[in-house]
Every structure is written in structure tokens, then in C-alpha cells.
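Take a look at the structure below.
Here is how names work: the chains are called A, B, and so on, in the same order as the sequence lines, proteins then strands, and each is numbered from 1. Here the structure is a predicted model, which means the values were calculated and not measured.
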2 protein chains.
Amino acid sequence: MTGAAAIGSQPLPRVTLREGAADALRAAILAGRLAPGAPVVEAALARALGISRAPLREAIRELLDEGLLVQQRAWGGVTVAPLDATVARELYTLRATLEAFAFETAWDRRDAAFRAALADRHAALTAAIDAGDDEASIAAELALHGVVYEAAGHGLLLQAWGAIRGRLTLYWAAHHRAHGRPGPRRDAHDDYLRHALGPDLDAMRAELRHHMQRGLVTVLRFVEPQEGVSPP
Amino acid sequence: MTGAAAIGSQPLPRVTLREGAADALRAAILAGRLAPGAPVVEAALARALGISRAPLREAIRELLDEGLLVQQRAWGGVTVAPLDATVARELYTLRATLEAFAFETAWDRRDAAFRAALADRHAALTAAIDAGDDEASIAAELALHGVVYEAAGHGLLLQAWGAIRGRLTLYWAAHHRAHGRPGPRRDAHDDYLRHALGPDLDAMRAELRHHMQRGLVTVLRFVEPQEGVSPP
DNA sequence: TCTTTGACGACTGTCGACAGTAGGGTGCGG
DNA sequence: CCGCACCCTACTGTCGACAGTCGTCAAAGA
């Protein structure tokens, strides 16, 4: 073995233009540079990214599957997914179900690494909130919740979480952009953490319902400010 | 209004080559003409379908997202997803969770149309089994279970079910091809139907667990015949 | 004035060709 | 005989150009 190992043993994530374009598109949407409802024109975007339309088209298809873009019909234009109260409700109800399943699956496998990951990411979230960094606090909150999904060791579940996470980010980012204040309150995850580390799975389930309900109410007040807040 | 209404009000589903290619690929995989693990070469497939590689590539991406195809890394070949016991377990555990959520959501909305749909599709399933038509019985069983997902009126849930359904079909089709006998037993859904129409949601939940457990055992005996059958 | 029809522009869907990469085989040096 | 560098082929990723479709708008007809 030569000194080659010194420069890293990862397979070197070779990026294709499609991947790069997908990342750039995601970033632009989540940062609000492409507002919800805005049209996405292939030729213009390709020119802006300095690539041809072929890889960009594949990237667009990817975001269509993720739900960040929508297309009414063939030959109809692609637009950034608009914010919608119904979708928001669906996001939180499905997420509550999936996260409960994740806890059930991971419950008996909670080890030192699990507890450490929860603590670390919660610290990172708190730090981001204290720093007033919206973008970082969104990512940190998602990373915190991601701990359980990863601990469940369930590939399909992780994939489902990924599909939800993208859209969730869209709503949170839009919300924070509109209100100009960092995401969750500093103590919003104290109970979550306590029960996640505790002995009572049913208590965790209840905490999840409360947590999701609170999150949904916050998003709904933003997406649908005219109507009274009511559980789905 | 002119006589235009006489020829139909549907938007006329215009198909692109991408959609057609995706359907053809799906059909070939599920029919076993493309066996699990078989390589998928763009140029050869495009020639076989009589189209260029561009729309075929987008169709391949679509099936990659659905899990019917897999790609190890960039520039690595795409192959048909191999059958895997772990994935099978994940399919059934996640499906049990989602279908329980679907019943919870739809429970208070079960109306005459719901009951009729259940009865109709169960009759279709029974007919397919009696006719010894494997392919039809697979589609019929999926359609029967689809009733609840549709009744829940939950777009994201429906999408998640679609993602699971594709892979499930892959496993069932391979199983039936290998054993040469039609799918579920004729009475396998009697309890399912009874509880789905009954008053007790908890009983339905229990029935779901049993139903999924039985289905998983059947698939596992096929995918992983060497090892003793044990719950996940 | 209102409806219909044709042309126009912008865009998406599709194509054939080019560039770059991974894996396998071959020949050389050790 | 074994290890290594090189080449060669098949394939994927990318490109620029062409064809088909949709929305718009102005002109013609009722």
C-alpha cells in the first residue's frame, strides 16, 4: 500500500452535470431565488448554469419526483411547486406516522452512538438558533430528526423520509424568509430529546403527535393565514 | 356550446416517448423479460424500442426512482433490481405502517362508494384467481389494497403507496413465475374485507399485521429459501 | 361587437453525433 | 511465474440542432 490512503479512501463522489444541476436547482428553490409558482424554462436555466439542456432535463425530472417542481401536463411548462395548505397537512400527518414507525423500529437498538448523535445534533441546532442563522437551523433541525430514521436501519423508510424532507424544507424556508426569524424555539426539542432517550415508547409517540401538531400549526398560520387553525 | 362535447371531455392523454418507454420498461421487468440483475444498456434498448437514447434515459431515471432499476455509481451500468430479502422485509413493514395509517385516515369516511369498491375489486380478484390468471390476480390484489389508499384522500400517501406497489409487483411476479401458480389463496382476503367493513379499527390493525406477516413469509420463502422463516 | 381562424413566437420533446470513463485484455519488465 | 502499465472497446454522459406543440394575437367573417 502506498501513501495513497492519505488523501482519502472515499470512492470520490464523481459528479455528473445532472447531479450538479439538481443540487443547484434545489438550492435555488430552497433559498427562494426561484419562488413558488415561478416558471422553470429549460433553455434559460441551461444557459445560466452553463450546461446543455439534456442533463438539466434529467435534473428537472428528479425534482419533479421530489415534489419541488410540478408539471401540469406534457408540453405544459414546469413551475416551482406552490405552497399549499393541503400538502402541508399531508406532510405533517404522514411524517408523524413515519417518524413513529422509525422510533418503533429503532427503539430497542438505541445505543451510545444513537444517544451521542441526538445530543450532538441538538447542540448544533441550538448553536444555529443562537447564531440566528435560519438556513443552518433548518438543516440542523432536519438532521436532528434524521437521527431516528438512520437508526432504524430501514432503507425504504429513509427514502420516504428524504422525499418528505425536501418538501418540508421548502415550506420552512419560505416561512422563515417571510418572517425573518430563525426556525424553532430554542427549547422546542427538549421534550422530544427527553422522550427519545427515555424508556417509554408510548410517551414518545404522544410527544411526536404534539410536536407535529405544533409544527403544522406554525406552517399553516403562514400558508393559510386567513382561516382559523384547526386540526386535520 | 357546440356539439364538441359529444366527442368527450377528457384532455386526451398525450403520450411522450419517455412515458411510453417507461411503461414498456416496467412491463418488461414485471413480466420477467428483463430478469432481476440483468444489465440495462441504453443503446440496445433504444434501438429495440425504436427511439433515441434521450427519452429512454429519462425513462430509466424514472424507474431508478421507483426502485425497479439500480445503479451503483455514475458511469456504472444500470441493472434490474435484484430480489433481496432485506428489501422484502422493508417493503412489508413499511407497507403495514402505511396501510394502517390509510385505514385510520379513511375510517370515518367509509361510505357506500368505499364499500362498493372493496366488493367489486374483491370480486375481480376472486375471478382472476379462479381463472388461474397470475398477472391479473397480482393487479387485482394491488387494486383491492389500493381502495383504502384512495379513500384516505391523501396525495403524499398515495404517492408512497405507488412507490411500494411497483417493487411489490416485482417480487410477486418473480414469485409467481418461479412457482407457476396464481397468487393469493381464494379466501386470503376474507378477513381483510370483513374487518375493513366492520366497526373495529383495532381489529383491522391486527388483521393488517397478520396479513402482512403472511405475505412476507411467502415472499421470504421464495427469496431466501435456505434460512428459517423468522419475523423481522 | 363577438366569434373564429390563421400565423407567429417561445417552448418542450426528440434526435444523431461527440467526448469522456470504466473494465478487460495484452504485452512488457521484474 | 507474477505484477504493472498500456491500450482498446463498450458504454455512459453531454452537446447542439431539429421537429412538434401550446398560448397569443391580430385579421377576417358573422
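- Screening residues 131-150 of chain A for ring pair (Phe, Tyr, Trp, His ring centres under 6.0 Å), with sequence neighbours left out, gives A:H145-A:H189, A:H145-A:Y192, A:H145-A:H211, A:Y149-A:W161.
- No more than 12 heavy atoms of other residues, nucleotides or ligands lie within 6.0 Å of CD in B:E135, so this atom counts as exposed by the packing criterion.
- For A:P55, the listed nucleotide lying nearest its side chain is D:dT14; candidates were D:dT14, C:dG13, D:dT12.
- Using a 4.5 Å heavy-atom threshold, the side chains of A:L144 and A:L118 count as touching.
- One interatomic measurement links the two molecules: CG of A:L56 to C1' of D:dG16, which rounds to 15 Å at whole-angstrom precision.
- Atom CD of A:Q72 and atom C1' of C:dC11 are 16 Å apart (whole Å).
- One interatomic measurement links the two molecules: CD of B:E58 to P of D:dT14, which rounds to 13 Å at whole-angstrom precision.
- Here the P atom of nucleotide D:dT21 and the CH2 atom of A:W75 are 6 Å apart, to the nearest Å.
- Atom CZ of A:R73 and atom C1' of D:dG23 are 10 Å apart (whole Å).
- Counting non-hydrogen atoms under 4.0 angstrom, A:Q71 reaches the backbone sugars and phosphates but no base.
- In this structure, B:R18 reaches the sugar-phosphate backbone alone: every heavy-atom distance under 4.0 Å involves primed, P, OP1 or OP2 atoms, never a base.
- Not a single donor-acceptor pair under 3.5 Å links the side chain of A:R121 to the backbone N or O of A:A140.
- Comparing atom distances between the B:I51 side chain and each of C:dC15, C:dT14, D:dC11 picks out C:dC15 as nearest.
- Side-chain contact of B:H154 with A:T93: a donor-acceptor pair under 3.5 Å is present, judged by distance alone.
- The side chain of A:E42 has C:dT12 as its nearest neighbour among D:dC15, C:dC18, C:dT12.
- Closest to the A:R61 side chain, of the nucleotides D:dC22, C:dG13, C:dC15, is C:dG13.
- Contact check for A:E90 versus B:L157: no side-chain heavy atoms found under the 4.5 Å cut-off.
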Listing time: all N or O pairs from protein to nucleotides 5-7 of chain D that are below 3.5 Å?
none

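- Going from atom CG of A:L49 over to atom C1' of D:dC15 covers 15 Å, rounded to whole Å.
- Under the 4.0 Å criterion applied to side-chain N and carboxylate O atoms, B:R57 and B:E42 are assigned as salt-bridge partners.
- Going from atom CZ of B:R53 over to atom P of C:dA17 covers 12 Å, rounded to whole Å.
- Remark: P of D:dT12 and CG of B:L69 are 12 Å apart, rounded to the nearest angstrom.
- Considering only the side chain of A:S52, D:dT14 comes nearest among D:dT14, D:dT21, D:dC18.
- Between D:dT12 and B:R57, no contact under 4.0 Å exists linking OP1 or OP2 to a side-chain N or O.
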